[in-house]
Amino acid sequence: QVHLVESGGGLVQPGGSLTLSCAASGNIASFNVMGWYRQAPGKQRELVASISTNAIFEYADSVKGRCTISKDTAKNTVSLQMNSLKREDTAVYYCSLKTWSHDYWGQGTQVTVSS
């Protein structure tokens with residue numbers, strides 16, 4: 001069993017920045033992919049960014065150049081720094097940990113970009 005707890009969401013003005021953090025605990029497999037997904041109203045959940053155990057990075061085209069994902073393996077935490085935020089970045093952001101056999105999800109944290 002793996003538990004994920006997100007933090008850092010909130011209200012930010014367009015052009016502003018936020019950093020989301022996720023702490024994982026439990027039985028964490030040696031090989032995994034941790035990342036952030038988001039789901040906006042009326043849209044499907046989509047990948048924002050991810051990082052694997054062997055340091056393979058993946059970013060959605062919509063956030064490339066504006067977001068940076070990082071991981072502290074020893075602490076089992078992953079963070080997403082988001083800059084130059086746009087209204088279309090508004091969504092519930094979910095932390096994920098994926099292995100060959102299981103997908104784990106956090107409860108989600110709301111990010112609202114509005115003036």
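All values below were derived from every heavy atom in this structure, side-chain atoms included, with hydrogens, water molecules and symmetry-related copies excluded.
Y94 and W36 fall into different hydrophobic clusters, where Ile, Leu, Val, Met, Phe, Trp and Tyr are joined by side-chain heavy atoms under 4.5 Å apart, directly or via other members. Hydrophobic clustering, with ILVMFWY side chains joined whenever heavy atoms are under 4.5 angstrom apart, groups F57 together with M82. Put simply, M34 and V5 are part of two different groups of oily side chains (I, L, V, M, F, W, Y) that touch within less than 4.5 Å, one to the next. Linking ILVMFWY residues whenever their side-chain heavy atoms come closer than 4.5 Å, directly or via other members, leaves Y104 and V92 in distinct clusters. Following chains of ILVMFWY side-chain contacts shorter than 4.5 Å, one cannot reach V33 starting from V63, and the two form parts of different hydrophobic clusters.
Every residue was checked against the side-chain hydrogen bond (donor to acceptor under 3.5 Å, both in side chains) condition with N27, not counting sequence neighbours, and none meets it. Contacts of T19 classified as side-chain hydrogen bond (donor to acceptor under 3.5 Å, both in side chains), with partners at least two apart in sequence or in another chain: none.
A 4.5 Å side-chain heavy-atom check between S114 and L11 finds at least one atom pair inside the cut-off. Residues D89 and R66 form a side-chain contact, since some pair of their non-hydrogen atoms from C-beta on lies under 4.5 Å apart. Here the side chains of T53 and S30 are not in contact, with every heavy-atom distance at 4.5 Å or above. Residues L4 and Q107 are not in side-chain contact: their nearest non-hydrogen atoms beyond the backbone lie 4.5 Å or more apart. Counting heavy atoms from C-beta outward, C95 and W105 have side chains that stay 4.5 Å or more apart. A heavy-atom distance below 4.5 Å is not found between the side chains of Y37 and Q39. L80 is listed as a side-chain neighbour of C67, based on a closest heavy-atom distance under 4.5 Å.
Residues G8 and L18 approach most closely at O-CD2, 3.7 Å, considering heavy atoms. Between V12 and L85, the shortest heavy-atom distance links the atoms CG1-CD1, 3.5 Å. The minimum heavy-atom distance between S17 and N83, with the atom names listed, is OG-OD1, 3.0 Å.
To the nearest 0.5 Å, atoms OG (S52) and NZ (K71) are separated by 7.5 Å. Interatomic distance, Q13 CD to T112 OG1, rounded to the nearest 0.5 Å: 13.0 Å.
Side-chain contact check for N32 and T99: no donor-acceptor pair (N or O, by modelled atom type) lies under 3.5 Å. Looking only at atom types and distance, the side chain of S79 has no donor-acceptor partner in the side chain of Q81 under 3.5 Å away.
When each of E46, E6, E88 is tested with R38 by the rule salt bridge (Lys or Arg N to Asp or Glu O under 4.0 Å), just one qualifies, namely E46.
The backbone N or O of I69 lies less than 3.5 Å from a partner atom in the side chain of Y59, making a donor-acceptor pair.
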